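Atoms considered below: every heavy atom in the structure, side chains included; atoms not considered: hydrogens, waters and symmetry mates. From a predicted model like this one, the values you see are computed outputs, not experimental measurements.
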Amino acid sequence: MVHDTGPGALAQERHRPLSFPFGPVRGLGPHPIYARLHEQRLARVRLPFGQEAWLATRYADVKMVLSDARFSVAAAVGRDRPRTEAADWYQVGLMALDPPAHTRLRSLMTKEFSARRIGRLTTRARHVAEELLDRVVASGPRADLIGQFAVPLPLTLNCELLGVPPGHGSFRDWVERTLFTSTVEELTAQTEDWAERINELLDLRRADPGDDLLSSLLRAHDQDGTISEEELLALVVDFVAAGFVTVTGQIAASLYHLLIRPDDLVRLTERPELVPAAVEELLRYVDLLDFTTPRYATEDIELGGVLVRAGEPVITSPAAANRDASVFPHADDLVLDRAGAPHVAFGHGAHFCLGAHLARLELRTAIETVLHRLPGLRLAVPEEDLRWRTGGIANGLHELPVVFDARPSPAAGEDGPR
């Protein structure tokens, strides 16, 4: 079928859609088909559930969809939107809203994630990382850097930022168990459990408010009436899921890619000042999330030489955009000191990741402290024996078994990378 918009205007043939997602790739790289799709511009895809959609993979097209107000996430609410799970749990919260409604909710969170506020967490982040590695060293010289480090580091910091009382270990245990052992479908079925657990936490914060995210959101709900109860719960769920699972996965994947590249591992160990740039390149290189929430065109729009009709959904692949060779020379190579265009791992436009500053801090701290504290770090098993997890909120490794040299190493407070 061809939509012809007249002489000289755009036309686009609707080919048989490709099945999407294309499937996991070992090491969290983009599927090889993306190289061909970069040449094709937009592709028609069908996800396991919902409507067919356009898939944008090129850097310029992805940025346009994520930033142009004519592509709406709110328009997906109530539609049979393209998705990988039977239930549709993105009906409330930040990822279901466009400005100005999105701006209203986002403004409540922005101050909690400002560069200045996150900067004040630098010392605390390093202290938590050092404490975790004290235990790793004490029980070494073998460790699982996911269970012993990549999980508890962001979980501890995020719970403190959220306002989880220090002694509320059951909430932390529940979050870790639920998010890392559940598929998206299972999480959807546990909606009532999520609400019950979070309401328990909210009651604790109501009785003892503090300078934390939960207390701030409670004031907006209880005193100001600027957010509904449904929105309050959705914002907390978004923060816990996005701020914890994805950072844990990125820490683990970043360390994995350094471990299989010993020269890069040694270089960063010897030159820790390169870690911030390396974090950005690893964010570009690693493919944790294959696609974004669909946006619906609110009018006929030209996108990458294709006419997207009003009412048609478009999904984007930031992972594919980050491997666009027209923007990133040698895009399939990991270049730790790469300069040039910024990646879109945190998204772009109005829905740019609120927690980007926090994620960068956690990633930088994780890499610096691991390289500093664990000399001779290497995989404890052959690379091909590592087990990869798919089907959850984010792809990733089940474990990252490593060994390191069992010799004295500087502990917290001693000279090291700063």
Looking only at atom types and distance, does a side-chain atom of [X] sit under 3.5 Å from a main-chain N or O of [Y], one as donor and one as acceptor?
X      : Y      : answer
Glu280 : Arg360 : no
Thr365 : Glu362 : no
Asn322 : Val344 : yes
Asp300 : Ala310 : yes
Ser72  : Tyr296 : no
Arg70  : Asp68  : no
Gln148 : Asp144 : yes
Arg41  : Val306 : no
Ser67  : Gly349 : no
Ser215 : Asp211 : no

Using side-chain heavy atoms (C-beta onward) and a distance below 4.5 Å, is [X] in contact with [Y]?
X      : Y      : value
Thr57  : Asp61  : no
His398 : Ile146 : no
Val128 : Arg124 : yes
Thr248 : Leu155 : no
Val403 : Arg378 : yes
Pro401 : Leu386 : yes
Leu217 : Leu235 : yes
Leu202 : Leu233 : yes

How long is the span from the [atom1] atom in [X] to the [atom2] atom in [Y], to the nearest 0.5 Å?
X      : Y      : atom1 : atom2 : value
Leu145 : Leu259 : CG    : CG    : 7.5 Å
Thr292 : His348 : OG1   : NE2   : 12.5 Å
Leu268 : Asp263 : CG    : CG    : 11.5 Å
Ile118 : His357 : CD1   : NE2   : 8.0 Å
Ile251 : Ile367 : CD1   : CD1   : 8.0 Å
Leu232 : Ile198 : CG    : CD1   : 8.5 Å

Shortest non-hydrogen contact between [X] and [Y], atoms and distance:
X      : Y      : answer
Ala96  : Val73  : C-CG2, 4.2 Å
Pro17  : Arg46  : CB-N, 3.9 Å
Pro154 : Phe149 : CD-O, 4.3 Å
Gly147 : Pro152 : O-CD, 3.5 Å
Leu377 : Leu265 : O-CD2, 3.5 Å
Arg364 : Pro276 : CD-CG, 3.8 Å

### Message
Are there over 12 heavy-atom neighbours, none belonging to Asp333, within less than 6.0 Å of that residue's CG?
### Response
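Buried by this count: over 12 neighbours within 6.0 Å.
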
### Message
Would Arg338 and Phe328 count as a cation-pi pair here, with the cationic atom under 6.0 angstrom from the ring centre and within 45° of the axis?
### Response
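Verdict for Phe328: no cation-pi partner in Arg338.
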
### Message
Would Arg261 pass as a cation-pi partner of Tyr256, given that its NZ or CZ must be under 6.0 Å from the six-membered ring centre and within 45 degrees of the axis?
### Response
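Checked: cation-pi criterion not met.
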
### Message
Please verify the inter-ring angle class for Tyr34 with Phe22; under 30° counts as parallel, over 60° as perpendicular, anything in between as tilted.
### Response
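The rings of Tyr34 and Phe22 stand perpendicular, inter-plane angle above 60°.
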
### Message
Check the orientation of His343 and Phe346. Use parallel for under 30°, tilted for 30 to 60°, and perpendicular for over 60°.
### Response
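It falls in the tilted class, 30° to 60°.
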
Donor-acceptor pairs under 3.5 angstrom involving side-chain atoms of residues 219-227: please list them, not counting sequence neighbours.
{"unit_1": "Asp222", "atom_1": "OD1", "unit_2": "Arg206", "atom_2": "NH2", "d": "3.2"}
{"unit_1": "Asp222", "atom_1": "OD2", "unit_2": "Arg206", "atom_2": "NE", "d": "2.7"}
{"unit_1": "Thr226", "atom_1": "OG1", "unit_2": "Ala220", "atom_2": "O", "d": "3.2"}

### Task
Show your reasoning for whether side chain to side chain contact (heavy atoms under 4.5 Å, CB included) applies to Leu162 and Leu201.
CA-CA 10 Å; Leu162 185 63; Leu201 198 58; 4.2 Å; yes

### Task
Salt-bridge test for Arg36 and Glu39: reply yes if a basic N is under 4.0 Å from a carboxylate O, no otherwise.
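The answer is no: the pair does not qualify as a salt bridge.
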
### Message
Quick test of your reading of the model: are Arg267 and Asp337 salt-bridged, counting only N-O distances below 4.0 Å?
### Response
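Salt bridge flag = yes for Asp337 with Arg267.
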
### Message
Among residues at least two apart in sequence or on other chains, which ones pass ring pair (Phe, Tyr, Trp, His ring centres under 6.0 Å) with His102?
### Response
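Once residues adjacent in sequence are excluded, the partners of His102 under the ring pair (Phe, Tyr, Trp, His ring centres under 6.0 Å) criterion are His351.
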
### Message
Does Leu336 form a side chain to side chain contact (heavy atoms under 4.5 Å, CB included) with Leu274? I'd like the steps, not just the answer.
### Response
CA-CA 8 Å; Leu336 295 182; Leu274 295 179; over 6 Å; no

### Query
Does the side chain to side chain contact (heavy atoms under 4.5 Å, CB included) test come out yes or no for Leu37 and Leu18, once each step is laid out?
CA-CA 11 Å; Leu37 294 183; Leu18 302 171; 4.2 Å; yes

### Intermediate values then yes/no, salt bridge (Lys or Arg N to Asp or Glu O under 4.0 Å), Arg284 and Glu281
CA-CA 5 Å; Arg284 181 196 72 85; Glu281 174 67 350; 2.9 Å; yes

### Query
Picking from Thr316, Ile301, Val314, what satisfies side chain to side chain contact (heavy atoms under 4.5 Å, CB included) with Met64?
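The single option meeting the side chain to side chain contact (heavy atoms under 4.5 Å, CB included) with Met64 is Ile301.
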
### Task
Verify whether the ring centers belonging to Phe71 and Trp54 lie closer than 6.0 Å.
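Distance test on ring centres: not under 6.0 Å, no.
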
### Worked verdict on Asp203 versus Glu200 for side chain to side chain contact (heavy atoms under 4.5 Å, CB included)
CA-CA 5 Å; Asp203 287 342; Glu200 290 176 0; 5.7 Å; no

